[in-house]
Amino acid sequence: MNTLNKIDLSKIIDTNDWLGKLVEFLIYAVLAIVITMIVLKIEGKFFAKRLKQKKNIQARFTSNLIRWVIIVIAIIWVLVSSSATADFGKVLFQGTAIMGAVVGLAAQPVISDLFCGLMLTIHRPFEIGDRIELDNGLRGVVLDITARHVVVRTIDTADAIIPNSKVNACVITNMSHNKRIRSVHFRFHVSYGTDAEKAMAVIRQAVMDSEFTVPAWKDTEDYGPVYFIAYADSSLEMATTVYYEPTNATEVVVSDINLRVKKALEEAGIEIPFNYVNVVMK
């Protein structure tokens with residue numbers, strides 16, 4: 001009986017010790033979470049001002065990288081400080097060389113993305129908000145850059161999440177690079193019986209009415225002029241250049257202008273010709 005009592009008492013003592021370590025671990029974990037949240041909030045406010053003033057990929061990349069570093073430091077602190085995980089933490093960090101080799105091999109893609117992200121922020125082929133096109137045909141507006149990937153919103157509002165290493169290896173066409181505005185050229189055809197000057201005025205007004213178009217030159221209200229440039233096979237050919245902000249999708253602007261011009265020409269009673277064939281039967 002005395003032996004059984006001793007065994008039971010031993011189990012109770014071990015259980016209490018385990019519970020104590022668990023409580024200690026939870027206290028450290030909660031403390032780490034609270035401190036991490038406070039630090040992240042301070043960090044967010046610090047970079048928010050810079051990101052608001054200028055959509056800079058360096059600030060965005062650095063902000064995301066610091067967040068990860070803060071979280072990793074908090075996890076390491078909990079593992080090392082709590083007696084429940086102290087032994088595990090010591091084993092983990094005493095074998096630094098071995099762990100470094102293992103982690104290095106396993107995390108090669110992550111490390112590659114991290115350094116490629118750093119290269120992108122140094123050379124800055126684009127900024128947040130720029131419209132870019134990669135050599136694989138993907139095009140859209142840059143929304144974000146993290147330690148691992150670049151987020152590009154495509155024309156159909158889908159977000160493409162591309163590893164930094166992939167972006168760094170691509171040929172990047174930046175439609176917004178050092179440009180205040182972008183432009184796209186249009187050609188419109190009207191029938192031979194049309195008053196050319198009237199057609200030019202209708203097209204110009206339709207372009208000016210679009211919410212996407214902007215004046216051709218800074219500090220002016222002058223939109224691109226409309227030209228009568230050619231006698232086509234079955235129509236008079238008008239041309240104009242439309243200017244718009246670089247953050248707008250070209251496809252959206254082209255669609256809007258085409259719809260507006262077509263509607264304006266129809267309302268003005270101006271015929272839009274099309275090719276047709278007369279077949280004579282003998």
Side-chain angles (χ1 to χ4, degrees), residues 55 125-144 150-162 167 170-192 194-218 220-276:
K55 295 179 179 179
F126 53 80
E127 295 288 358
I128 303 299
D130 281 3
R131 179 166 294 280
I132 65 171
E133 180 177 355
L134 305 182
D135 56 8
N136 60 5
L138 188 144
R139 62 169 65 181
V141 176
V142 179
L143 292 186
D144 196 8
V150 175
V151 181
V152 177
R153 176 157 293 174
T154 60
I155 183 64
D156 55 357
T157 67
D159 292 345
I161 301 173
I162 316 161
V167 177
C170 282
V171 176
I172 303 172
T173 302
N174 190 339
M175 289 83 163
S176 310
H177 186 64
N178 292 331
K179 292 182 180 178
R180 186 184 71 87
I181 57 174
R182 294 180 60 198
S183 63
V184 60
H185 193 66
F186 286 86
R187 292 175 183 267
F188 301 104
H189 296 263
V190 297
S191 64
Y192 266 101
T194 302
D195 183 336
E197 291 183 347
K198 179 181 178 181
M200 292 164 63
V202 169
I203 293 171
R204 178 178 170 80
Q205 188 61 49
V207 171
M208 293 174 63
D209 290 341
S210 173
E211 61 182 3
F212 298 106
T213 57
V214 296
W217 308 108
K218 188 176 181 181
T220 70
E221 294 298 326
D222 185 24
Y223 289 76
V226 180
Y227 298 102
F228 173 20
I229 62 170
Y231 291 93
D233 292 339
S234 58
S235 64
L236 305 178
E237 187 172 346
M238 311 292 171
T240 186
T241 300
V242 174
Y243 299 88
Y244 59 99
E245 295 292 343
T247 52
N248 292 324
T250 304
E251 296 85 351
V252 174
V253 176
V254 170
S255 177
D256 182 74
I257 296 299
N258 282 334
L259 287 172
R260 287 178 181 276
V261 171
K262 182 178 184 298
K263 184 178 180 181
L265 291 175
E266 290 173 348
E267 290 178 349
I270 298 175
E271 180 185 355
I272 302 174
F274 56 89
N275 293 328
Y276 61 91

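This is a predicted model, so every value here is computed, not measured.
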### Counterpart residues, side chain to side chain contact (heavy atoms under 4.5 Å, CB included), relative to D135 (two or more places apart)
C170, V171
### Query
Got a second to check how far R187's CZ is from Y227's OH, nearest 0.5 Å?
13.0 Å
Scan the side chains in residues 136-143 for donor-acceptor partners under 3.5 Å anywhere in the protein, sequence neighbours excluded, and list what turns up.
unit_1 : atom_1 : unit_2 : atom_2 : d
N136   : OD1    : L138   : N      : 3.0
R139   : NH1    : E251   : OE2    : 3.1
R139   : NH2    : E133   : OE1    : 3.1

### Query
About how many Å separate CZ of R131 and CG of N248, when rounded to the nearest 0.5 Å?
7.5 Å
### Task
Indicate the atoms forming the closest heavy-atom contact of P215 with Y223, along with that distance.
N-CE2, 3.9 Å
#### Entry: Set of residues satisfying salt bridge (Lys or Arg N to Asp or Glu O under 4.0 Å) with respect to K262, sequence neighbours excluded
E266
#### Entry: Atom OH of Y192: over 12 foreign heavy atoms under 6.0 Å
yes
#### Entry: Partners passing side chain to side chain donor-acceptor pair (under 3.5 Å) against N258 (at least two apart in sequence or in another chain)
none
### Query
Which heavy atom of I270 sits nearest a heavy atom of A199, and at what distance?
CD1-CA, 3.8 Å
### Task
Would you give the length of the straight line joining atom CD1 of I203 to atom CZ of F186, rounded to the nearest 0.5 angstrom?
11.0 Å
#### Entry: With sequence neighbours excluded, residues passing salt bridge (Lys or Arg N to Asp or Glu O under 4.0 Å) with D144
R60
### Under the ring pair (Phe, Tyr, Trp, His ring centres under 6.0 Å) test, residues paired with F228 that sit two or more places apart
Y231
### Query
Taking side chain as C-beta onward, heavy atoms only, is I162 less than 4.5 Å from L134?
yes
### Query
Quick one: CE on M238 to CZ on R204, what's the gap to the nearest 0.5 Å?
14.5 Å
### Query
At what distance, to the nearest 0.5 angstrom, does NE2 of H189 lie from CG of D233?
10.0 Å
#### Entry: Distance in Å, T250 OG1 paired with R182 CZ, rounded so as to fall on 0.5 Å steps
3.5 Å
### Query
Is any side-chain heavy atom of V167 less than 4.5 Å from a side-chain heavy atom of F126?
yes
### Message
Once side chain to side chain donor-acceptor pair (under 3.5 Å) is applied, do any residues pair with K263, and if so which ones, sequence neighbours excluded?
### Response
none
### Summary
Heavy-atom closest pair (N174 atom, P125 atom, distance to 0.1 Å) is ND2-O, 2.9 Å
#### Entry: salt bridge (Lys or Arg N to Asp or Glu O under 4.0 Å) partners for E271, two or more places apart
none
### Query
What pair of heavy atoms forms the shortest contact from K198 to A268, and how long is it?
NZ-O, 3.3 Å
### Task
Just jot down the side chain to side chain donor-acceptor pair (under 3.5 Å) partners of D209, sequence neighbours excluded, or say none.
Q205
### Query
Which heavy atom in A232 sits nearest to a heavy atom in E237, and how many Å separate them?
CB-OE1, 4.5 Å
### Task
With sequence neighbours excluded, tell me which residues meet side chain to side chain donor-acceptor pair (under 3.5 Å) with S191.
T194
### Counterpart residues, ring pair (Phe, Tyr, Trp, His ring centres under 6.0 Å), relative to F212 (two or more places apart)
none
#### Entry: Any donor-acceptor N/O pair, S210 side chain to I257 backbone, under 3.5 Å
no
### Message
Looking at every heavy atom in both R260 and A206, which two are closest together, and how far apart are they?
### Response
CD-O, 3.7 Å
### Query
Residues in side chain to side chain contact (heavy atoms under 4.5 Å, CB included) with S234, at least two apart?
N275
